[in-house]
Amino acid sequence: MSHPDLTPLAPRRQITANLARRDSMGPAYHVLTFDVPEGVDARPGQFTMVRGAEWGDAPLLPRPMSYLSGGRRPSILIKVVGDGTTRMARAVPGEPFHLLGPLGNTWPEVTEGKRPVLVAGGVGVAPLLYLARSLAPHGVRPIALYGGRSERDLPMHEELAEVCDLHVTTEDGSRGERGRVTQLLPDLLSGDVEVFTCGPDRMMAAVAALCAPREVRCIASLETPMACGYGVCLGCPVKRAEGGYLYACMDGPCIDAASIDWGDGAAAGGAA
Amino acid sequence: MNQEVTLGGLTLKNPVLTASGTFGYGLEYDSFFDVAELGGICTKGLSLAPRHGNPPERICETPAGMLNAIGLANVGVEYFCEHKLPTLRERGVTVVANIFASSVEDFVKITERLERSPGVAAIELNVSCPNVSQGGIEFGRDPALCAQVTAACKAVTQLPIWVKMSPEAGDIVAVAKACEEAGADAVTAINTIRGMSIDPSTGRVRLANRTGGLSGPALRPIALRIVWDLVGALRIPVIGIGGVFSAEDALQFLLAGASAVQVGTASFSDPTAASKVRQGIAAYCAAHQLTVSELIGRGRPDSRR
Ligand SMILES: Cc1cc2nc3c(=O)[nH]c(=O)nc-3n(C[C@H](O)[C@H](O)[C@H](O)COP(=O)(O)OP(=O)(O)OC[C@H]3O[C@@H](n4cnc5c(N)ncnc54)[C@H](O)[C@@H]3O)c2cc1C
Ligand SMILES: Cc1cc2nc3c(=O)[nH]c(=O)nc-3n(C[C@H](O)[C@H](O)[C@H](O)COP(=O)(O)O)c2cc1C
Ligand code: FES
């Protein structure tokens with residue numbers, strides 16, 4: 001029913017694109033929109049490796065970022081956590097960036113008869129908002145659960161509300177229900193639903209743990225540190241339930257949560 | 001100007017190769033540029049049986065470099081020969097198989113498997129991986145053991161054998177000389193140097209393996225010094241590796257006397273890095289009216305070239 005686009009994924013390419021605009025939502029969250037006249041066939045769930053063309057040796061490696069949109073004005077939503085994202089947060093229109101993509105797989109098709117439930121934590125909202133927007137033209141309106149530490153950590157919640165039935169939680173109670181986003185989930189899991197989640201590992205591990213016993217399919221988009229983004233550095237392993245590793249950049253980033261060994265909640269590394 | 005370089009019996013189209021572990025099995029770069037334009041590629045380290053590698057986190061960025069503790073995850077030599085090599089050969093890619101084992105016996109078995117697979121141009125012995133508990137760096141520290149591995153592999157193949165040096169091999173010149181005497185056709189230098197990183201915000205060591213190999217520009221001056229020393233001490237060719245990100249970086253190694261260079265971590269920053277290094281060297285040669293072989297060692301005071 002959804003994910004209309006079953007044509008083969010576009011080959012990965014590195015392009016140099018100028019920043020068209022930066023929309024900042026406070027100091028921590030920024031949407032970067034690029035000018036790509038020829039367009040990028042980037043689908044919801046896919047990501048791009050981003051590096052300022054003038055960064056020199058620092059930061060050295062490009063940073064993986066989910067597409068918030070594709071086409072001729074592809075965009076990303078960044079949260080400032082370190083050097084790379086700080087540089088991005090200061091970027092000005094016209095500044096050149098290397099964009100390598102599209103990389104990774106897409107969110108899988110929503111199963112016929114199931115309603116998608118999107119569970120987002122902080123900046124994990126980006127690939128989920130892109131998903132919700134792509135479902136809207138097909139008449140699918142997901143339920144979205146969106147959590148953050150405070151109301152300042154809910155970038156783009158208004159945009160999410162346009163295309164989803166949105167429920168918000170904050171740990172300090174400054175918006176929506178006080179507590180964690182996972183507390184809203186159990187009630188929903190009795191219905192004919194399917195879960196799509198992106199956020200801190202501990203949140204996704206908790207979501208996966210709620211879905212598994214109820215046999216609800218749960219797809220998690222993993223944000224492990226990456227050096228290459230296309231399967232050569234082997235730096236992005238995720239523990240596989242049956243042993244061995246999956247690689248977030250090639251097997252994912254969208255992976256069935258049941259195939260992952262979430263361990264103590266830090267299976268995919270990264271910040272929680 | 002002529003870009004060819006000769007390493008013992010092997011002639012490469014140009015002096016630019018890609019470093020093991022940073023270029024997969026080569027085909028991953030297909031959509032970025034024609035890999036066959038390079039002097040060659042070194043495969044991810046191949047072992048006798050496939051290996052899963054270390055748990056996460058395996059990588060983290062450090063000033064002008066990165067640490068990795070991949071733990072030599074790879075598909076195994078059999079799978080490589082069956083499924084990767086034929087395509088590489090069809091594309092005309094010059095393939096250097098980088099291999100790794102924890103015993104002399106297994107080094108020999110892998111070499112024998114490669115010997116009967118058409119499409120391999122040379123074998124690079126990794127006796128210097130810092131990220132595995134067995135068969136890594138301790139091999140690379142011991143001149144006698146390195147010589148033994150080299151001789152044993154030489155005995156079962158016609159292919160050129162390159163030995164990859166560990167910068168942590170106490171007396172690296174002694175190790176390299178032992179390999180030369182044992183019949184090595186070239187040495188490649190250097191592999192990564194072990195480093196660490198701790199995240200103050202969590203108080204935790206960043207890599208699960210605790211230590212990881214440092215690569216990237218941070219390594220370059222150390223690598224250049226080692227290459228310089230090796231070139232001065234050996235008769236066999238030396239291949240320079242360590243933080244080559246641009247043609248200027250590569251030229252430093254060539255001027256120091258390296259017969260070729262390998263581009264590693266740079267491919268992560270820019271997947272077309274190796275191609276750009278190749279083009280940059282060609283442009284430099286054209287501007288200075290020099291062939292690459294005339295360039296090699298030109299930075300040495302003893303150079304009459
Ligand atoms: C497929 C994928 C999609 C992603 N999508 C987005 C996105 O849409 N928006 C966004 O803001 N971020 C996203 N990330 C995370 C983003 O890549 C990192 O936050 C970024 O690389 C940090 O770079 P930095 O230089 O600012 O921080 P660094 O200086 O590299 O690190 C600062 C701190 O952040 C932690 N960190 C580093 N990498 C990650 C990571 N991958 N995940 C979590 N914490 C990390 C480090 O451990 C360190 O404590 C995504 C990651 C992946 C793998
Ligand atoms: C992620 C990664 C994986 C590596 N894997 C191997 C390997 O399997 N075998 C090997 O001999 N060297 C391996 N190396 C070392 C590189 O081949 C090279 O010697 C080193 O990175 C220094 O070069 P650079 O600074 O250009 O990266 C690896 C390096 C990195 C960064
Ligand atoms: S990021 Fe390099 S293999 Fe996944």
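Quick note on labels: first sequence line is chain A, next is B, and so on, each numbered from 1.
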Peer 1: Y25(B) vs F80(B) aromatic rings, parallel, tilted or perpendicular, using cut-offs 30° and 60°?
Peer 2: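 Judged by the thresholds at 30° and 60°, the geometry between Y25(B) and F80(B) is tilted.
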
Peer 1: Do other residues, nucleotides or ligands put more than 12 heavy atoms under 6.0 Å from the CZ atom of R22(A)?
Peer 2: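 For R22(A), atom CZ is crowded (more than 12 foreign heavy atoms under 6.0 Å).
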
Peer 1: Under 4.5 Å, counting heavy-atom pairs only, tell me which of P271(B), A73(B), C60(B), G21(B) racks up the most with chain A.
Peer 2: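 The option with the most such pairs is P271(B).
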
Peer 1: Mind listing the closest non-hydrogen atom pair of A101(B) and D106(B) along with its distance?
Peer 2: CB-CB, 3.5 Å

Peer 1: With only heavy atoms counted, which part of T22(B) is less than 4.5 Å from chain A, the side chain, the backbone, both or neither?
Peer 2: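 Contact with chain A involves the backbone of T22(B) alone.
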
Peer 1: Examine whether an atom of R240(A) lies under 4.5 Å from a heavy atom of chain B, and if so say whether it belongs to the side chain, the backbone or both; otherwise answer neither.
Peer 2: neither

Peer 1: Can you see which heavy atom on V277(B) is nearest to which on A247(B), and at what distance?
Peer 2: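 Heavy-atom minimum between the residues: O-CB, 3.8 Å.
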
Peer 1: Measuring heavy-atom distances to chain B, does R51(A) have an atom under 4.5 Å in its side chain, in its backbone, in both, or in neither?
Peer 2: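 The side chain, not the backbone.
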
Peer 1: Strictly below 4.0 Å, N to O, side chains only: are K276(B) and D270(B) in salt-bridge contact?
Peer 2: yes

Peer 1: Under a 4.5 Å heavy-atom cut-off, does chain A meet the side chain of D30(B), its backbone, both or neither?
Peer 2: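 Neither part.
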
Peer 1: Can you tell which of R206(B), E57(B), R210(B) makes a side chain to side chain donor-acceptor pair (under 3.5 Å) with S197(B)?
Peer 2: R206(B)

Peer 1: Please flag which part of P55(B) lies under 4.5 Å from any non-hydrogen atom of chain A: side chain, backbone, both or neither.
Peer 2: both

Peer 1: Between M226(A) and chain B, which part of the residue has a heavy atom less than 4.5 Å away: side chain, backbone, both or neither?
Peer 2: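 Only the backbone of M226(A) comes within 4.5 Å of chain B.
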
Peer 1: Please determine, among L100(A), D83(A), L234(A), D57(A), the option with the most heavy-atom pairs under 4.5 Å with chain B.
Peer 2: L234(A)

Peer 1: What is the ring orientation for F33(B) with F23(B), classed by angle as parallel under 30°, tilted 30 to 60°, or perpendicular over 60°?
Peer 2: tilted

Peer 1: Looking at E61(B), M66(B), H52(B), which has the largest count of heavy-atom pairs under 4.5 Å with chain A?
Peer 2: E61(B)

